[in-house]
Every structure is written in C-alpha cells, then in structure tokens.
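If you're wondering where the values come from, they're calculated on a predicted model, not measured in any experiment. Letters A, B, ... mirror the listed sequences (proteins, then strands); counts begin at 1.
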Number of protein chains: 2
Amino acid sequence: MAKMGRPRTFDRQKAVMQAMHLFWEHGYEMTSLSQLKANIGGGISTPSFYAAFGSKEELFNEAVQCYLETYACVTDSLWDDEIPPRDAVELALRRSTKMQCESGHPKGCMVSLGTMSAPTPELTHVVEPLTASRSRTLQGFVRCVERAIAMGELPKKTNARSMGISFNSFLLGVSILARDGVDASDLDASITELMKLWDIAVCQPK
Amino acid sequence: MAKMGRPRTFDRQKAVMQAMHLFWEHGYEMTSLSQLKANIGGGISTPSFYAAFGSKEELFNEAVQCYLETYACVTDSLWDDEIPPRDAVELALRRSTKMQCESGHPKGCMVSLGTMSAPTPELTHVVEPLTASRSRTLQGFVRCVERAIAMGELPKKTNARSMGISFNSFLLGVSILARDGVDASDLDASITELMKLWDIAVCQPK
DNA sequence: TGACTTATAGACTACTCGATACATAAGTTC
DNA sequence: GAACTTATGTATCGAGTAGTCTATAAGTCA
C-alpha cells in the first residue's frame with residue numbers, strides 16, 4: 001500500500017545525509033536553517049522542512065544517528081574480541097584516521113569535533129549522543145588494553161586507563177590535525193610511531 | 001600628563017581578559033556581543049563597547065594576543081635550546097595539560113579548540129592567529145626531535161615529523177578530554193605513558 | 001570660565017535566527 | 001466523484017545578531 005497524501009519532492013534519507021555533512025562541518029549551532037534548507041533537494045521551504053524533520057534539533061539527532069551508524073563504525077574493532085587487542089587498537093586508529101582525511105565529506109570526526117558544537121549549557125543535551133560516543137570510544141581503548149592484560153600479552157601492572165587515554169587522546173587530536181590539512185600519510189606514519197607504546201609495554205618487566 | 005576626556009568606567013585590560021575567557025569557552029562566533037557587554041565591568045553599553053574595542057573582531061584579536069602571551073606560554077620549552085629535548089617535550093605536555101585542567105578559566109586550550117571557532121570560510125582570517133599557533137606548536141615538537149637527533153640522543157633514522165605529530169596530536173586531544181571532564185591526574189599519567197615513545201626511540205638500532 | 005576631548009546612555013538600524021499560520025496543491029482511499 | 005491525508009508556497013512572527021546615530025556627561029587644557 002502506497003503512502004497517502006501529496007508525495008515529498010525530495011529524498012528524506014538523502015536529506016539527512018546532507019544535513020549530517022553540514023552539522024559535521026560547522027557544528028550544531030553554527031549550521032543555520034537557511035543552510036540546511038538550501039542544501040536539501042536543491043532547496044526546500046520552511047514548512048517543508050518542519051513537516052519532514054520536526055525541528056533543527058530533531059534533524060540533528062537523526063544526523064548524529066546516521067553518523068554513528070556509518071562513519072563512526074571505523075572504531076568498531078575496539079569491541080571485537082575476535083581481533084587480537086593490539087590489532088584492534090591499530091585498526092581503529094588507522095581506519096578512523098583514513099576516514100577523517102577522506103575526500104567527499106568534511107575532515108575530522110564529527111564526534112570529536114562535536115565538543116565545540118554546542119558551547120552553551122542549554123544545548124548540552126543536544127550533543128549528549130556525541131559526548132556519550134566519545135566516552136564509549138575511550139572505554140573501547142581501555143578495554144583493549146585490559147583484554148591484553150587478561151590474555152597475558154601485557155604485564156599485569158600495566159596502567160590500562162593511562163594507555164587507553166594516550167591512544168584516545170591521539171585520535172581526538174587527529175580531528176584537529178586533519179582540519180588543519182595535515183596529510184593522511186603523515187598521520188598514518190605517526191600511528192606507526194604511536195603503536196610502539198604497545199610494544200614497549202609488552203617488553204616491560206612483570 | 002593625565003589622559004583627556006571622560007574617563008572609562010571599566011578596566012580595559014581586565015575587560016580583554018574577561019572577553020578572552022568567553023571566547024575561550026564558546027569560540028568566536030558563538031560568543032555574542034550581549035555576553036561580552038554583560039561580562040565587562042559589570043555591564044557596559046553598546047557605544048562604550050565600540051568606543052573601547054572597535055568591533056567584536058578587533059576585541060577577539062586582542063583576546064587571542066592576550067592568550068598567546070600568557071596561557072599559551074606553557075609550551076615555550078619547545079623552543080628553549082637550554083633544555084634537553086626530551087625534557088622540553090615532557091615539560092610542554094605536562095605544563096599544558098595542567099593548565100588546561102586548572103580551575104579559574106575554561107577547560108582545554110583556546111588555540112586547539114579554536115579549530116571549530118569559525119567554521120565558515122569568511123571567518124578563516126579571524127582565527128588565523130590560532131591556526132598559526134597550532135602550526136607553530138607542531139613545528140616545536142618536531143624541532144625537539146630533530147634537536148635530539150642532531151645531538152645524537154636519537155638515531156639518525158628517527159622520523160622526526162611522525163614523532164612530532166604523535167606528541168602534538170596527543171596534546172590536541174587533551175583539550176577535548178579536559179572539556180569532557182577527564183581528571184588532570186589521569187591525563188598526567190598518560191603523559192608518562194606517552195613519553196615512553198621517546199625512550200623506545202632512543203633504544204632503536206642505529 | 002570656556003574650548004576641547006572622550007565615554008556614556010538610550011533609541012534605533014538592517015539583518016538573520018528558528019519556527020508558525022494559512023491557504024493550496026497533489027496524491028490515496030472509498 | 002467526494003473525503004481524506006500529506007506536502008508545499010507565501011507571508012509572517014518575536015527574538016536576537018552586529019553595529020550606528022544623537023545627545024549628554026565628565027574629565028583635561030588654556
């Protein structure tokens with residue numbers, strides 16, 4: 001059974017993706033309704049926008065959800081117990097960095113850059129999914145180190161949280177460096193450096 | 001000789017500092033004139049604002065200059081040739097991280113977070129001093145590694161740019177973690193981890 | 001004192017923000 | 001066909017944006 005009523009003149013799912021790119025680029029507050037409307041299906045009117053998405057905030061939530069289900073999956077390896085923990089960490093770093101430098105979408109990570117997306121206290125709840133995602137990624141890095149300790153790959157005295165924070169902080173910084181135009185190859189080479197942190201921890205006396 | 005004309009009712013230098021804190025917290029675009037006016041000397045009028053500072057952009061420039069001359073000095077060790085290069089890197093990381101977590105001012109680094117401060121192309125020139133400062137800090141880290149290589153502390157085959165990017169990316173990430181409320185002690189411990197990157201490079205075969 | 005200089009306060013400009021009312025167009029269902 | 005449902009276009013809302021105009025207050029200098 002087909003849907004009733006006058007059909008929409010634009011592709012709603014495509015519109016959410018376009019909105020995601022705008023929010024990714026400029027953040028929540030700095031992306032205006034005019035921008036969003038202009039970039040959806042070659043330009044739509046205000047009532048069409050509200051009929052389709054409810055409000056700017058609701059569209060943002062959809063856009064964030066869309067990001068988390070697609071681009072943000074580059075760090076999924078952190079929760080994959082079938083991958084050796086060192087590989088899981090390295091894979092997350094390399095995949096995320098590669099994605100952040102890709103062309104075809106804004107540079108950097110929408111989740112990381114979302115820190116400055118809603119600077120006022122009233123808007124904290126809007127970016128809550130981004131905050132939660134950052135927290136989850138940090139936990140993912142820590143988890144991999146803990147898994148390596150449990151497996152006996154890393155010594156028991158290894159400080160999992162400190163190591164996790166090191167990897168995570170590096171990755172957060174990549175968003176800013178990618179925005180500043182640092183080459184993907186340079187960032188990838190620095191991951192090779194960073195992974196030595198893991199290797200030296202392996203050699204540490206028990 | 002005293003200054004002519006009606007005296008200002010607020011401390012101009014203090015006002016620049018207050019503006020700096022606001023821009024630091026919310027970024028350039030997201031800090032409104034109303035906020036700035038309300039937070040200067042217990043509240044000033046619009047004409048007073050423009051008489052004293054010229055425009056929002058000019059005040060921002062002064063605020064950035066103020067930041068660079070004060071808080072941003074935490075990384076000065078990177079250019080101090082009297083400090084051994086490893087110490088210079090560690091000092092920059094620890095001082096900056098400590099500063100970013102201090103109370104009494106916004107969390108994180110104004111320069112790092114400035115990436116999202118002016119998301120539109122027309123505003124690129126406004127945040128240019130911040131962009132330049134980020135570039136300079138990256139060069140500072142690379143420079144320390146190069147200095148260590150020249151001194152024979154690190155092997156000649158060390159990739160200075162990769163190592164520099166690793167340290168710098170970590171430090172950029174600290175701004176986001178500090179905003180997310182990660183403890184200063186946890187960040188400091190992760191610096192201890194990160195510095196092992198240097199020590200393993202020292203042990204590398206020539 | 002009077003001329004000069006500077007800062008102040010209140011009112012106002014043109015513009016953009018997110019969001020809404022109302023009438024109409026374009027489909028499906030009966 | 002008529003009833004129903006949904007999307008669209010025009011016009012508009014009140015609030016907030018950065019910034020300006022005009023008049024006045026408060027100081028220094030001769």
Side-chain angles (χ1 to χ4, degrees), chain A residues 1-16 18-19 22-23 25-64 117-127, chain B residues 1-16 18-19 22-23 25-63 117-123 125-127:
Chain A
M1 183 170 102
K3 267 178 61 180
M4 264 193 289
R6 179 173 177 172
R8 202 168 267 128
T9 58
F10 59 93
D11 183 334
R12 197 181 180 284
Q13 184 52 31
K14 204 173 155 192
V16 172
Q18 289 168 307
L22 283 171
F23 285 127
E25 176 85 49
H26 304 120
Y28 174 68
E29 280 258 278
M30 294 303 306
T31 307
S32 68
L33 268 191
S34 317
Q35 281 180 284
L36 291 164
K37 280 156 45 188
N39 281 277
I40 288 174
I44 62 168
S45 69
T46 317
S48 295
F49 177 90
Y50 283 93
F53 307 110
S55 70
K56 182 185 178 182
E57 183 174 339
E58 288 176 59
L59 175 55
F60 180 73
N61 280 329
E62 282 197 57
V64 167
S117 195
T120 46
E122 311 98 57
L123 268 60
T124 309
H125 75 281
V126 177
V127 290
Chain B
M1 183 173 100
K3 269 178 60 181
M4 261 192 290
R6 179 172 176 173
R8 201 168 269 130
T9 57
F10 59 92
D11 183 334
R12 196 183 182 283
Q13 184 53 31
K14 204 174 154 191
V16 172
Q18 290 168 305
L22 283 172
F23 285 128
E25 177 86 49
H26 305 121
Y28 175 68
E29 281 258 277
M30 292 304 305
T31 306
S32 69
L33 268 190
S34 317
Q35 280 180 287
L36 291 165
K37 279 155 47 188
N39 281 277
I40 289 174
I44 62 168
S45 68
T46 317
S48 296
F49 178 91
Y50 283 92
F53 307 109
S55 70
K56 181 182 177 182
E57 182 174 340
E58 286 176 61
L59 175 56
F60 180 74
N61 281 329
E62 282 196 58
S117 196
T120 46
E122 309 98 59
L123 266 62
H125 76 279
V126 178
V127 290

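- Taking atom OH of residue A:Y50 and atom P of nucleotide C:dC22, one finds them 17 Å apart after rounding to whole Å.
- When rounded to the nearest whole Å, the span between CE of A:M4 and C1' of C:dA26 equals 14 Å.
- Proximity of B:S48 to the phosphate of C:dA7: no side-chain N or O atom is located under 4.0 Å from OP1 or OP2.
- Residues A:S55 and A:Y50 share a closest heavy-atom pair of CA-CE2, 3.9 Å.
- Taking 4.0 angstrom as the limit, A:S34 places a side-chain polar atom (N or O) nearer than this to OP1 or OP2 of C:dC17.
- At a threshold of 4.5 Å between non-hydrogen side-chain atoms, the residues B:L59 and B:F23 count as touching.
- Atom CZ of B:F53 sits about 5.5 Å away from atom CD1 of B:I44, to the nearest 0.5 Å.
- Among residues two or more places apart in sequence or in another chain, the salt bridge (Lys or Arg N to Asp or Glu O under 4.0 Å) test is passed with A:R12 by A:E62.
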Item to check | nucleotides 10-15 of chain C: protein proximity per nucleotide (B base, S sugar-phosphate only, - neither; heavy atom, under 4.0 Å) | outcome: B-----
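- Put simply, CZ on A:F60 is 16 Å from C1' on C:dG18, counting in whole angstrom units.
- Rounded to the nearest 0.5 angstrom, B:M30 CE and A:Y28 OH are separated by 10.5 Å.
- A:R12 has its CZ atom 14 Å from the P atom of D:dT6, to the nearest Å.
- With rounding to whole Å, A:R8 atom CZ is found 15 Å from C:dT28 atom P.
- The phosphate of D:dT8 (OP1 or OP2) has a side-chain N or O of A:T9 nearer than 4.0 angstrom.
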Acceptor/donor pairs from residues 31-38 of chain B side chains to any protein atom, 3.5 angstrom cut, sequence neighbours excluded:
| unit_1 | atom_1 | unit_2 | atom_2 | d |
| --- | --- | --- | --- | --- |
| B:T31 | OG1 | B:L22 | O | 3.4 |
| B:T31 | OG1 | B:G27 | O | 2.6 |
| B:S32 | OG | B:Q35 | N | 3.2 |
| B:Q35 | OE1 | B:S32 | N | 3.0 |
| B:K37 | NZ | B:T46 | OG1 | 2.9 |

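- Rounding to the nearest 0.5 Å places CG of A:N61 at 7.5 Å from CD of A:E58.
- Remark on DNA chain D: of its neighbouring residues B:L33 and A:I44, the 5'-side contact belongs to A:I44, judged by nearest-heavy-atom nucleotide.
- Going from atom CZ of A:F23 over to atom C1' of C:dG18 covers 12 Å, rounded to whole Å.
- Across the protein-nucleic acid pair, A:E57 atom CD and C:dA19 atom P stand 8 Å apart, rounded to whole Å.
- Put simply, the side chain of B:R6 and the base of D:dA25 share a donor and an acceptor less than 3.5 Å apart.
- Positionally, the nearest nucleotide of DNA chain D for A:F10 lies more toward the 5' end than for the other of B:F49 and A:F10.
- Atom pair A:M30:CE and C:dC17:P shows a separation of 10 Å (rounding to whole Å applied).
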